[in-house]
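Working notes for the structure below.
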Amino acid sequence: MNPYDFKTIEKKWQEIWDKKGIFAADDKSKRPKAYVLDMFPYPSGAGLHVGHPRGYIGTDVIARFMKMKGYNVLHPMGWDAFGLPAENYAIKTGIHPEISTKENIQRFKKQMNLIGLSYDWSREVNTSDPEYYKWTQWIFLLLFKKGLAYQAVLPINWCPSCKTGLANEEVVNGKCERCGTEVTKKNIRQWVLKITAYSQQLLDGLENLDWPEKIKEMQRNWIGKSEGADIDFQVKDSDVKIKVFTTRPDTIFGATFLVLAPEHPLLSQIVSKEKLEEVRQYQEETKKKLDVDRQLEDKEKTGVFIGSYAINPASGKEIPIYVADYVLPYYGYGAIMAVPAHDQRDMEFAKKYGLETIQVIQSGKELKEAYIGEGSLMNSKEFDNLDSLKAQKEIVSWLKKKKLGDFAVNYKLRDWVFSRQRYWGEPIPLVFCPNCKEKIESKKYKKNEFNIGEISNPGWIALEEKDLPLTLPEIDKFQPTGTGESPLAEVSYWVNTKCPKCGGEAKRETNTMPQWAGSCWYFIRYADPNNKEEIIDKNKARKWLPVDFYIGGAEHAVLHLLYSRFWIKALKEEKVISFDEPFLKLRTIGLILAPDGQKMSKSRGNVINPDDIIKEYGADAFRIYEMFMGPFDQPISWDTKSIMGAKRFLDKVYAVSCSIADVSSKKTEKLLHKTIKKVTEDIQEQKFNTAIASMMEFINNIDQICFDDFRRFLKLLSVFAPHISEELYKPESSIFNESWPEYDKKIVIDEKIEIAVQVNGKLRDTIFVNLDSDEEEVKNIALQSEKIQKYIEGEMKKTIFVKNKLINFVI
RNA sequence: GCCGAAGUGGCGGAAUGGCAGACGCACAACACUUAAAAUGUUGCGAGCUUUUGCUCAUGAGGGUUCGACUCCCUCCUUCGGCACCA
């Protein structure tokens with residue numbers, strides 16, 4: 001048997017597809033649309049390894065399948081091209097990120113084309129292209145004007161030696177990845193987006209999405225809704241009230257102290273003179289700690305009494321106020337009422353500092369550990385003996401009447417820190433104008449002169465749409481400034497500008513946007529990539545959006561998918577688009593690990609390059625193997641040996657094409673229809689591995705096949721192995737312009753079927769019976785079997801009969 | 001610690017209440033060949049058995065059921081995610 005010449009065939013068809021534009025999405029077609037999308041990659045310097053294409057091939061199978069099913073398919077690809085590695089590479093080598101990024105994109109594209117992926121390259125987008133990021137900036141301004149952007153001073157990871165801010169991934173074990181210095185915190189002015197304004201909507205929106213339950217659950221946990229109460233604690237001898245959130249207002253009589261986070265804003269007002277120094281020192285200590293350290297598992301609790309007391313609004317008792325780092329500033333109000341009897345952390349803290357413990361829920365046993373369950377109340381005055389769930393409602397209502405508290409909902413979700421002190425990102429299109437600042441602060445401005453964003457961030461003025469894109473200035477020094485600011489801050493000709501509102505002297509914002517910005521909305525742009533007037537034409541938006549099928553790594557379960565959903569909800573409110581969830585159906589890919597079971601990475605030296613595999617076995621064999629190796633959503637180790645199986649299968653298909661008969665045998669015909677059924681169903685459930693297995697069975701078991709039937713088989717194969725299928729199909733234009741084969745229900749059915757005969761649930765024989773035989777008929781045949789007779793001695797208690805499956809005699 | 005997923009031949013996996021191991025890899029024997037490779041044919045969970053066949057076997061133990069890889073309980077292991085969340 002001659003192996004087929006994949007090199008020639010694959011190159012030939014890739015060129016034909018490209019020339020004829022077979023896979024271009026048609027803006028004018030009346031056919032129903034299917035938008036099939038990959039998560040676009042960051043074009044790293046390392047190129048693709050064999051793990052990346054798994055998702056791309058899966059998406060490609062679906063896109064080609066949908067096309068043959070009669071859909072007008074949109075299947076684009078692009079580049080998430082801003083990001084840290086390109087900038088770090090520039091710092092090291094002086095090569096401009098734009099240049100290295102362009103080179104990387106070339107390489108990625110070449111590798112993708114070798115695989116034969118059916119992308120519509122006419123719609124390619126690149127997030128670092130000014131024509132693209134013009135619209136990223138446009139969306140930012142829309143959010144800003146809507147009041148969804150605000151400034152805050154927040155700590156960033158800071159390397160005191162490199163004098164630069166660090167991303168979380170650049171901090172390894174609390175040390176700077178580059179120089180090994182201990183990382184500390186530095187407060188920096190940041191832009192923050194109010195994603196929390198959409199907490200409930202983001203939670204509710206998950207309901208109707210066809211996403212893996214696991215991913216939905218992760219988003220729910222991330223949003224972290226909890227219901228409880230806000231309660232005010234009056235500070236003794238002061239006007240200050242400390243607000244806390246609690247999920248257990250029923251335990252309020254057991255609240256014997258308050259704990260504030262070291263970052264709590266009211267701390268300085270209520271700390272006593274004697275304790276001032278001690279508290280300040282504790283705050284400093286906390287600053288040195290990284291979140292990681294602060295959250296270490298069995299770390300001993302630390303804290304400081306601040307010398308002041310608060311009044312428990314229920315019991316009226318005076319309770320001490322502490323500051324401790326186990327209370328986090330971001331969650332709730334950065335302050336808790338501590339109930340040592342019913343919260344383990346509070347109990348540990350109380351034991352260490354000798355604080356009072358009052359049990360208020362009956363637990364039925366001695367309290368060695370905090371009792372966190374439900375029960376009847378005790379030590380709670382008029383609420384005694386009330387069930388804790390009921391007591392929650394009554395106590396909050398009672399506090400509400402006294403104006404000391406109210407029912408409240410709290411979310412774990414935090415607002416999104418949106419600025420980066422970096423060069424290689426989208427410039428934030430704002431200027432700071434002292435003149436306008438004064439105008440806003442003195443309220444001497446006309447109605448509609450300033451937008452909501454400008455009024456709530458005095459001095460910060462939005463660029464006008466006609467001035468977008470605000471492009472990155474060319475620089476050749478990418479080194480960090482040492483002050484924590486972006487390298488852009490050094491480019492004075494760029495920074496100093498005129499205010500678009502008043503024409504006065506102004507300075508540009510030098511922070512840039514995070515990498516997520518471009519990926520929040522790229523799928524919108526694919527529908528209308530070259531539009532210079534609008535972000536997207538309304539008709540095209542209606543035609544293509546939202547995404548019907550989205551495939552990517554589970555590592556994006558929370559951030560990318562959540563941020564993107566947030567932007568879409570805001571854009572819908574502004575009527576830019578008319579859908580409120582971007583990705584209707586989502587499926588995740590299992591990681592491909594190196595043969596050693598480790599993650600593939602350059603540093604481990606275990607990377608397998610798809611180019612080498614394709615050179616040796618061909619793109620079709622590579623594609624078949626990637627889809628055959630195991631369930632699509634499970635992680636799996638690469639095994640180059642096993643690809644031989646895929647190659648042999650294709651060689652066999654090729655051999656069949658050389659011995660075509662005039663008519664197919666009955667056996668072959670039946671098998672063909674069964675295979676069509678199985679492959680169709682499996683593709684719809686992304687069970688690509690079993691779809692391929694059934695095609696292998698088909699090829700292994702046919703005896704005599706005619707060209708028409710062989711072509712039907714090739715259609716099934718074509719979505720997985722497109723090149724060889726095109727070649728053998730001998731098409732007019734392309735096999736992908738043909739329609740997906742249908743199977744005949746009558747042919748699929750077997751008239752005689754084999755069923756299992758069991759005695760006491762153990763298999764003893766199998767017999768052939770007519771399809772749909774009834775119990776009596778099967779019983780008669782089964783009892784004739786000698787094997788069965790051997791086992792049937794004594795009284796038959798009952799017979800279990802499952803039509804077309806089995807008969808079981810219970811003795 | 002919590003949440004989630006998973007555990008099946010030498011290996012990747014199939015079967016999600018009804019004949020465990022489809023399909024593939026590796027391996028072995030045979031055929032073709034001067035030879036090797038490639039290809040083809042056959043075999044391939046373990047034990048007992050001359051064959052027929054029998055017994056055991058899906059991480060461990062228990063349970064439900066006529067019947068359990070599949071459902072329930074306890075435990076072990078691995079992988080992922082989250083982690084002092086008030």
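Residue numbering restarts at 1 for every chain, and letters A, B, ... go by the order of the sequence lines.
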With respect to the side chain of A/Phe628, which nucleotide from B/rC25, B/rG18, B/rG12 is positioned closest? B/rG12
Salt-bridged, A/Glu626 to A/Arg623, with N to O below 4.0 Å? no
Rounded to whole Å, CE of A/Met627 lies from P of B/rC23 at a distance of 21 Å
Hunt down the Watson-Crick or G-U wobble partner of B/rU70, both distances under 3.5 Å, from any strand shown, or write none. none
Can you check the distance between B/rC11 and B/rG4, where both ends of the measurement are the C1' atom (answer in whole Å)? 27 Å
In whole angstrom, give me the gap between the C1' atoms of B/rA22 and B/rA14. 5 Å
Given side chains that start at C-beta, do those of A/Trp638 and A/Leu593 come closer than 4.5 Å, heavy atoms only? no
Counting only side-chain heavy atoms from C-beta out, which of B/rA86, B/rC25, B/rG67 sits nearest to A/Thr246? B/rA86
Check the phosphate of B/rG1 against A/Arg345, side-chain N and O only, distance under 4.0 Å to OP1 or OP2. Yes or no? no
In whole Å, measure the gap between the P atoms of B/rA37 and B/rC27 for me. 11 Å
Does B/rG80 pair with anything, Watson-Crick or G-U wobble, both distances under 3.5 Å, and if so, with which nucleotide? B/rC3
Touch check for A/Arg220, heavy atoms < 4.0 angstrom, all strands: base, sugar-phosphate only, or nothing? nothing
Taking the six-membered ring for Trp, are A/Phe349 and A/Tyr326 closer than 6.0 Å centroid to centroid? yes
Using Watson-Crick geometry (N1-N3 plus N6-O4 or O6-N4) or G-U wobble (N1-O2, O6-N3), each under 3.5 Å, B/rG10 is paired with B/rC25
Is A/Gln344 touching bases, backbone alone, or none of the nucleic acid, heavy atoms closer than 4.0 Å? nothing
Between B/rC11 (P) and A/Leu593 (CG): distance, integer Å: 17 Å
Check every strand shown and say whether A/Asn700 touches a base, only sugar-phosphate, or nothing at a heavy-atom separation below 4.0 Å. sugar-phosphate
For a quick check of understanding: with a heavy-atom distance under 4.0 Å over all strands, which category does A/Ile636 fall into, base, sugar-phosphate or nothing? sugar-phosphate
To the nearest Å, give me how far apart CZ (A/Phe698) and P (B/rC23) are. 15 Å
Any non-hydrogen side-chain atom of A/Phe257 less than 4.5 Å from a side-chain atom of A/Pro340? yes
For this output row, return yes or no: ring centroids of A/Tyr353 and A/Phe305 closer than 6.0 angstrom. no
Please report the distance separating the P of B/rG21 from the corresponding atom of B/rC69, rounded so that it comes out in whole Å. 12 Å
With a 3.5 Å limit on both atom pairs, tell me what B/rU65 is paired to, counting Watson-Crick and G-U wobble, or say none. none
Shortest side-chain distance from A/Lys214, nucleotide among B/rC85, B/rA15, B/rG4: B/rG4
Pairwise P distance, B/rU16 and B/rA38 [rounded to whole Å]: 36 Å
Could you check how far CG of A/Leu806 sits from P of B/rA20, rounded to whole Å? 11 Å
How far does the C1' atom of B/rC72 sit from the matching atom of B/rA83, given to the nearest Å? 30 Å
Might you confirm whether atom NZ of A/Lys216 has over 12 heavy atoms from other residues, nucleotides or ligands at distances under 6.0 Å? yes
According to a strict under-4.0 Å criterion, is A/Arg648 in side-chain N/O contact with OP1 or OP2 of B/rU39? yes
For B/rA29 versus B/rC79, give the span between their P atoms, rounded off to a whole number of Å. 38 Å
Look at all strands and tell whether A/Asn808 reaches a base, only sugar-phosphate, or nothing, counting heavy atoms closer than 4.0 Å. base
Taking the side chain as everything from C-beta on, heavy atoms only, tell me whether A/Phe809 gets closer than 4.5 Å to A/Gln758. no
Can you tell me the base-pairing partner of B/rU52? Count Watson-Crick or G-U wobble geometry only, both distances below 3.5 Å, and say none if there is no partner. none
Is there a side-chain hydrogen bond (donor to acceptor under 3.5 Å, both in side chains) between A/Thr668 and A/Gln704? Walk through the geometry before answering. CA-CA 7 Å; A/Thr668 298; A/Gln704 189 184 324; over 6 Å; no
Return the nearest nucleotide to the side chain of A/Ala756; candidates are B/rU39, B/rC23, B/rC19. B/rC19
Nearest heavy atoms of A/Phe233 and A/Val244, plus distance in Å: CE1-CG2, 3.7 Å
For the side chain of A/Ala693, counting heavy atoms from C-beta on, which of B/rG12, B/rC19, B/rC23 is nearest? B/rC23
A/Ile692 or A/Lys805, whichever maps to the more 5' nucleotide of RNA chain B: A/Lys805
Between A/Met644 (CE) and B/rG40 (C1'), how many Å, whole number? 14 Å
Note: for A/Glu697 and A/Thr247 on RNA chain B, the residue whose nearest nucleotide lies more 5' is A/Glu697
Heavy atoms only, 4.0 Å cut-off, all strands: where does A/Lys216 land among base, sugar-phosphate and nothing? nothing
Given the structure, check if the side chain of A/Gln758 and the base of B/rG18 hold any donor-acceptor pair shorter than 3.5 Å. yes
A/Asn689 near the nucleic acid: base, sugar-phosphate alone, or nothing, with a heavy-atom cut-off under 4.0 Å? sugar-phosphate
For B/rU58, give the paired nucleotide (Watson-Crick: N1-N3 plus N6-O4 or O6-N4; G-U: N1-O2 and O6-N3; both under 3.5 Å), or none. none
The side chain of A/Val802 is closest to which nucleotide in this list: B/rA14, B/rA86, B/rG18? B/rG18
Does B/rG9 adopt a syn or an anti glycosidic conformation, taking syn as a chi angle within 90° of 0? syn
I want to check one thing: is the phosphate of B/rA38, taken as OP1 and OP2, less than 4.0 Å away from some side-chain N or O of A/Lys652? no
Roughly how many Å is it from CD1 in A/Ile372 to P in B/rC85, rounded to a whole number? 10 Å
side-chain N/O A/Asn221 vs B/rC85 OP1/OP2, d < 4.0 Å: no
Whole angstroms only, please: what is the CH2-P distance between A/Trp222 and B/rC85? 16 Å
For the side chain of A/Lys641, starting at C-beta, report the closest nucleotide among B/rG18, B/rA26, B/rA15. B/rA26
Can you figure out which of B/rC54, B/rA15, B/rC19 approaches the side chain of A/Arg764 most closely? B/rC54
Between C1' of B/rA83 and CE of A/Met218, the distance in whole Å: 13 Å
Decide yes or no on ring-ring contact (aromatic ring centres under 6.0 Å, His included) for A/Phe698 and A/Phe713, but give the supporting numbers first. CA-CA 9 Å; A/Phe698 176 77; A/Phe713 167 76; 4.9 Å; yes
OP1 or OP2 of B/rC85 sitting under 4.0 Å from any side-chain N/O of A/Lys412? no
Check every atom of B/rG12, B/rC25, B/rA14 against the side chain of A/Asp639 and return the nucleotide holding the closest atom. B/rC25
If you measure from the C1' atom in B/rG10 to the same atom in B/rA46, how many Å do you get, rounded? 13 Å
